[in-house]
Amino acid sequence: MSGFPDVRPRRLRSSAAVRRLVAETTLQPRQLILPLFVRENATEPIPISSMPGVYQHTRDTARKAVAEAAARGLGGVMLFGVPEHKDATGSGGLDPNGILNVAIRDAVSEAGDELLVMSDLCLDEFTDHGHCGVLDAAGRVDNDATLQLYAEMGVAQAEAGAHVVGPSGMMDGQVGAVRKALDGAGHTDTVILAYSVKYASAFFGPFREAVGSSLQGDRKTYQQDPANAHDAIREVDLDVAEGADIVMVKPALAYLDIIRQVRDHVDVPVAAYNISGEYAMVEAAAANGWIDRERAILETLTAIRRAGADIILSYWAAEAVHLLDRVR
Ligand code: PBG
């Protein structure tokens, strides 16, 4: 029996040097995007209790976070606005002086040549009912009336200097409507990162606190049913046909199979959003001493890359750069 087994996969795991040599999946700072929340009239950063370590920034601290993201070599930042006042049509999102557009201008002035400034293109942070679009007389989200507002919002964001806009409201036709409006206003170089595949997920929970959402109920009439995968392929096909430059799958962890299917199906870059609830779960378990926080972060990000995401949005993006330096 000596020499048995003949084949020993453990040989390639036997030292850090050999593990490094054969690692299939890499994670680089340029592939990571840091989401940032900027709160109107805030005078100091406000902690988000369900996302320990994440804040609603002031304009000033957001600028600092952008400069730091650039210094760390991240691919970009994704900006969200938290307005002081909301209304039925989310008008604060279209206002050139609304908090998101102001934050975009601030970020662009800090970003330098390599860091991309991206903005969430959706009305839910700005509507008093908390839905991603405007409501019709019956209280349903009105798809086509919402498209008109997204088109104007996209142009306002491009005018503020956003390099990339991220339509995230799951309205039918949103990518085409935004592309047409951008092109019509001369913003042919503004990139569309489409939240193409977005599931009606419980894991968005902490985000509701992060943006002070007033939503009652759920988004099941426009976000996808977690039971469905074919629907994801249909959504990415439509978005690519409408002009999406990059498609995104969201959430990430409960949908790694979807990320893989989308990656194998399309020929545009694929992003994944490692969302608020995924962040909160790891942070909560780590705070209890139940898991090793830093290992869990790197394992999470590596798994999302391995599933097929070229780009990852993560609240850990800036910290992950440090962790990567340490393991390299
Ligand atoms: C919509 C939007 C949401 C998130 C990003 N963009 C909320 C939603 O669709 O319900 C969630 C991000 C996260 O949970 O980290 N503006």
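As the structure lists them, so they are numbered: ligands from 1, and atoms in each ligand from 1. Numbers here are sequence positions counted from 1.
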Atoms of ligand 1 close to [X] [distance to a heavy atom under 4.0 angstrom, numbered from 1]:
X: Phe80; result: 5 (C), 6 (N)
X: Tyr315; result: 12 (C), 13 (C), 15 (O)
X: Arg219; result: 8 (C), 9 (O), 10 (O)

Next on the checklist: Within a 6.0 Å radius of atom CG on Asp189, are there more than 12 heavy atoms belonging to other residues, nucleotides or ligands?
Outcome noted: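 Count not over threshold, so no.
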Give the residue, atom name and distance (to 0.1 Å) of the protein heavy atom nearest [atom].
atom: atom 11 (C) of ligand 1; value: Lys250 NZ, 3.0 Å
atom: atom 16 (N) of ligand 1; value: Asp124 OD1, 2.6 Å
atom: atom 14 (O) of ligand 1; value: Ser276 OG, 2.7 Å
atom: atom 12 (C) of ligand 1; value: Phe207 CD1, 3.2 Å
atom: atom 9 (O) of ligand 1; value: Lys198 NZ, 2.6 Å

Polar contact flag, side-chain donor to acceptor under 3.5 angstrom, [X]-[Y]:
X: Trp316; Y: Glu278; result: no
X: Arg72; Y: His322; result: yes
X: Glu209; Y: Ser49; result: yes
X: Tyr195; Y: Asp120; result: yes

Quick one: look at [X] and ligand 1, take heavy-atom pairs under 4.0 Å, and tell me if it's side chain, backbone, both or neither.
X: Ile275; result: both
X: Tyr279; result: neither
X: Cys122; result: side chain

Checklist entry - Can you find a pair of side-chain heavy atoms, one from Val77 and one from Pro35, that are under 4.5 Å apart? => result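 They are not in side-chain contact.
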Checklist entry - Taking the side chain as C-beta and beyond, is there a heavy-atom pair between Asp124 and Arg219 under 4.5 Å? => result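 In short, these two side chains touch, coming nearer than 4.5 Å.
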